[in-house]
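Every chain is numbered from 1, with letters handed out A, B, ... down the list of sequences.
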Amino acid sequence: MPALSGKDASSAADYHRQRPGGGVYRARDVAAGRPIGPTGTTWFTQQTERSFMTTPMVKTRFAPSPTGYLHVGGARTALFNYLFARRAGGQFVLRIEDTDQVRSTAESAAGILADMQWLGLNWDEGPAPGAAKNQYFQSMRLELYNQFIDELVRQGRAYEAYETPAELAAMRQQAEREKRPFRYRRDMPGRAQSRIGSGPAVLRFEMPRKDIVISDLVLGQVIVGADEHDDIIIRKSDGFPTYHFAVVIDDHDMGITHVLRAQEHLMNTPKHLALYDAFNWTPPEHGHLPLVFNMDGTKMSKREKARTARAAVQAATPKGQKPDLETLAANTGVAPDALAAFMAKKNDDAQIAVTVAAFMRTPLPEIDVQDFRRSGYLADALLNFVALVGWSPGGNQEILARPEMIDKFLVEGIGKTNGRFDRKKLLWMNGQYVRDQSLEALLAALESFLQVTDYPLARADGPTRLALLEMYRERTGTLAEMAENSRFFFEEPTIDPRAFEKFVINNDGAQLLQTSRKILEPVTPWNVQTLREPVEQILALGEKRGAAAQPIRVAVSGGSVTPPVLEMLALLGRETTLRRIDQTLANVKAT
RNA sequence: GCCCCCAUCGUCUAGAGGCCCAGGACAUCAGAUUCUCAGUCUGAAUACACCGGUUCGAAUCCGGUUGGGGGUACCA
């Protein structure tokens, strides 16, 4: 009864009735548990229907399909479900939806688990990382699905259909030509009545010819008309259930009470509600989240990486010429055939994109959680940022620690408008986290970052990392930025010719450097304390304070931008400092 | 095409009929601090898509227009 209602049972007009205090009911009223609609159904009564006279335990889930890496959008969905469950003192389930045998991979599932762990979105039930597939993988639950499929068949609600994909495509095209919507229905004319020559049949679920009312936690009531549904496939010809079927069985079987998912699923909800209804189950509450796009309004898709990589190759190719793919293949180690297909946009292989972009020294846009991890974002910062796209705690606070987010996470705070992913703001927020985090936490984050990247900083010991962190945290947005900028501590710098010219050759640079060297030379031992006075002397050199800092920067780091001279030299060490100054002085003579 | 959702500064948002000639944050610009870069602090500029209606009063309620988005798979 709760899932469906007849055409005249409910309407938008009913929904917008006056409420006692004036105004009309809105989504937030639904969320707040106030009565809506003619039946007066409330969140609470639905709960008690489910578990009679017991306190309803909130249970949410995140159910990705392992067909790629964990996307930031998916991470946000996971976060919302996590926050909702935690706030309610309930459980958070992770389930892997691998009913697509062709596209699902074990590596992808493992990657998603790793990303979830990195984000710290801990699940109460789900796969055990590193262990074999368990019952939280849909591919392990075929028996359960078949059981319920059989029941639908017995009820006469499911039937075999014999059209091949090609035939269906033709029917759709035909319908489009005739400017009429295509709906697959059991009673439609021209349905294939036998399986002759068409391979294994699929099983379809006969959708009810009724309006279906969705009571959405964030959108309010959405009514999908009786003519809009078609009979969905619930079992594919490979014997696997479709998403629509498995999701309903599992959410019910696992006792899921609330489903927060992306708005792209909104039109799937009627199908799911009809299935719940067929089994006489109370459906979970659904809430559809607004989507997140790039700043330019395009989708944040993995395709972007491929596009960026291709563009880099094109940009490096002289005008009017074709890119030299053979050379590129040889240089990158990508198979020539695969590379050609990639460049011809025949595939958007992420691995090829990454390899090509790395060779072209082109940064790729961050799309997946691990991209952000490799770019040196902190998990908490990423989560904090992403939480604020489509959700607001109300008020003016923007930086929220995990417990605060949990405490303030109300469905009423979830917005309806699609958002855009503002990387500039994420960068700012990450900087805030880098600065505010305890040094121990930062060190742990750095550790995790270095595991998935390849920077010379990884060679540094604990005390050195700590010193670097203290030196850079005030001036860095991401860990990657710090790792990149601190290279010169670990390897010989390449001298930026423009900086060399400006600060060493000109402006008395060589002279200042010479004098600076004399001041530094006798310092032993070599540490922040012993260097403080000498460095002060150096900074006082020249008519403007700090005039002598730049030649040293260039000599020691190769460029004109570094942390403060004192700390930098102290960490660099006496030997390296003097050697690089001497080297630079020698270079001056050579010019 | 058809169905559905949405609409406040460039971006994320606050806003539940008078508290709003609209608040915060990022970004932008200007200034201060400073050995570079950053950071920090101060200040400036910038929005209720449009048209009707309801009301003493509308960013807030209703209708339409326009714009954006989603769906329309043997993908999830």
Side-chain angles (χ1 to χ4, degrees), chain A residues 16 18 21-24 26 28-29 63-65 67 97-100 102-104 161 163-165 168-169 172 175-176 179-183 200-204 214 216 219 222-225 227-228 230 232-238 240 242-244 246-247 262-268 270 288 290-291 293 295 297 299 385 388-399 412 415-429 431 435 472-477 481 485 499 503 535 538-540 544-550 552-554 559-566:
Chain A
H16 292 297
Q18 291 290 307
V24 302
R26 306 169 66 170
R28 59 193 63 195
D29 297 312
S65 67
T67 55
E97 310 222 316
D98 56 349
T99 51
D100 185 338
V102 181
R103 296 197 304 158
S104 297
E163 287 79 7
T164 62
L168 287 168
R172 286 192 187 94
E176 196 177 329
K179 294 195 189 302
R180 113 189 111 73
F182 176 73
R183 298 273 129 76
V202 300
L203 225 47
R204 285 185 188 261
I214 305 166
D216 193 277
L219 262 16
V222 177
I223 301 169
V224 180
D227 299 334
E228 304 303 328
D230 55 1
I232 54 169
I233 292 176
I234 54 176
R235 187 166 63 197
K236 303 181 262 190
S237 54
D238 66 1
F240 272 60
T242 54
Y243 159 74
H244 298 303
V247 81
Q263 219 170 88
E264 62 200 12
H265 284 295
L266 182 60
M267 288 298 122
N268 292 155
H288 289 94
L291 272 17
F293 296 93
M295 280 302 277
K299 281 192 192 185
F385 170 75
L388 262 19
V389 183
W391 173 71
S392 166
N396 290 332
Q397 193 184 350
E398 303 242 35
I399 306 281
E412 294 92 313
K416 303 179 188 183
T417 43
N418 292 161
R420 295 182 186 213
F421 196 97
D422 188 346
R423 284 158 205 285
K424 291 235 182 81
K425 186 162 184 175
L426 168 63
L427 186 61
W428 164 79
M429 188 168 282
R435 257 155 255 133
Y472 277 99
R473 71 188 313 192
E474 292 298 326
R475 69 198 76 248
T476 196
E481 199 182 317
N485 291 340
F503 296 110
V535 167
I538 292 171
L539 291 177
K544 205 178 143 230
R545 182 180 151 80
Q550 290 309 81
I552 293 192
R553 285 202 160 85
V554 175
S560 59
V561 177
T562 76
V565 172
L566 175 61

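Nearest to the side chain of A:Arg553, among B:C35, B:C6, B:A76, sits B:C35. In the set B:C6, B:C74, B:G24, the nucleotide with an atom closest to the side chain of A:Ile233 is B:C74. Closest contact between the side chain of A:Leu291 and the listed nucleotides B:A14, B:C74, B:G70 involves B:G70. Taking only side-chain atoms of A:Ser392, from C-beta outward, the nucleotide of B:C35, B:A76, B:U13 with the closest atom is B:U13.
Separating the CZ atom of A:Phe293 from the P atom of B:G67 is a distance of 18 Å, rounded to the nearest angstrom. One atom, CD of A:Gln263, and another, C1' of B:G69, lie 8 Å apart when rounded to the nearest Å. Rounded to a whole Å, the CD atom of A:Glu412 is 15 Å from the C1' atom of B:G15.
Counting any heavy atom pair closer than 4.0 Å across all strands shown, A:Arg420 reaches sugar-phosphate atoms only and no base atom. At a threshold of 4.0 angstrom between heavy atoms, the contacts of A:Asn485 with the nucleic acid are absent. Nucleic acid contact class of A:Arg172 (heavy atoms, under 4.0 Å, all strands): sugar-phosphate only. Nucleic acid contact class of A:His265 (heavy atoms, under 4.0 Å, all strands): base. Within 4.0 Å (heavy atoms only), A:Phe503 reaches no atom of the nucleic acid at all. In this structure, A:Val565 reaches the bases: a heavy-atom distance under 4.0 Å links it to at least one base atom across the strands shown. Counting non-hydrogen atoms under 4.0 angstrom, A:Gly390 reaches the backbone sugars and phosphates but no base. Here A:Leu539 lies in heavy-atom contact (under 4.0 Å) with a base.
In terms of phosphate contacts, A:Lys299 brings no side-chain nitrogen or oxygen within less than 4.0 Å of OP1 or OP2 of B:G68. Look at A:Thr99 and you'll find a side-chain N or O under 4.0 angstrom from OP1 or OP2 of B:A76. The side chain of A:Lys416 contributes an N or O atom lying less than 4.0 Å from OP1 or OP2 of B:C6. Contact check, A:Lys425 against B:U13: no side-chain N or O comes under 4.0 Å of OP1 or OP2.
Comparing B:A49 with B:U66, their C1' atoms are spaced 8 Å from each other, to the whole Å.
Here the side chain of A:Tyr472 pairs a donor or acceptor atom with the backbone of A:Asn485 at under 3.5 angstrom. Listed for the A:Ser560 side chain is no donor-acceptor partner under 3.5 Å among the backbone atoms of A:Ala499. A donor-acceptor pair under 3.5 Å links the side-chain atoms of A:Arg473 to the main chain of A:Arg435, judged by distance alone. Side-chain atoms of A:Asp216 come within 3.5 Å of backbone atoms of A:His288 as a donor-acceptor pair (strictly under, hydrogens ignored). With hydrogens and angles disregarded, a donor-acceptor distance shorter than 3.5 Å links the side chain of A:Gln397 to the backbone of A:Ile399.
Contact of the A:Met295 side chain with the A:Phe421 side chain is not registered, since no non-hydrogen atoms from C-beta on lie closer than 4.5 Å. Between A:Asp230 and A:Arg204 there is no side-chain heavy-atom pair separated by less than 4.5 Å.
Nucleotide B:G1 has B:U72 as its partner under the Watson-Crick or G-U criteria, with both atom distances under 3.5 Å. Using N1 to N3 plus N6-O4 or O6-N4 for Watson-Crick, or N1-O2 and O6-N3 for G-U wobble, each under 3.5 Å, B:G67 pairs with B:C6. Nucleotide B:U28 forms a pair with B:A44, judged by Watson-Crick or G-U wobble geometry with both contacts under 3.5 Å. Pairing partner, B:U34: none, since no Watson-Crick or wobble contact has both distances short of 3.5 Å.
Residue A:Glu398 places a side-chain atom within donor-acceptor reach of the base of B:G24, judged by atom type and a 3.5 Å distance cut-off alone. The base of B:A76 sits within donor-acceptor range of the side chain of A:Asn268, with an N or O pair under 3.5 Å. Counting distance only, with no hydrogens placed and no angle test, the side-chain atoms of A:Thr417 and the base atoms of B:C6 include no donor-acceptor pair under 3.5 Å.
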Check the interface with nucleotides 1-4 of chain B: list each N/O to N/O pair with the protein under 3.5 Å, or write none.
| from | atom 1 | to | atom 2 | distance (Å) |
| --- | --- | --- | --- | --- |
| B:C3 | O4' | A:Glu228 | OE1 | 3.3 |

For nucleotides 37-40 of chain B, which of its nitrogen or oxygen atoms have a protein nitrogen or oxygen under 3.5 Å away, and what is each distance?
| from | atom 1 | to | atom 2 | distance (Å) |
| --- | --- | --- | --- | --- |
| B:C37 | O2 | A:Arg475 | NH1 | 3.3 |
| B:C37 | N3 | A:Arg475 | NH1 | 2.5 |
| B:C37 | N4 | A:Arg475 | NH1 | 3.4 |
| B:A38 | O2' | A:Arg475 | O | 3.3 |
| B:G39 | O4' | A:Glu474 | O | 3.0 |
| B:G39 | O2' | A:Glu474 | OE1 | 3.3 |
| B:U40 | OP1 | A:Gln432 | NE2 | 3.1 |

Protein-nucleotides 44-49 of chain B N/O pairs under 3.5 Å:
none

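Between A:Phe385 and A:Lys425 the shortest heavy-atom distance is CE1-CB, 3.9 Å.
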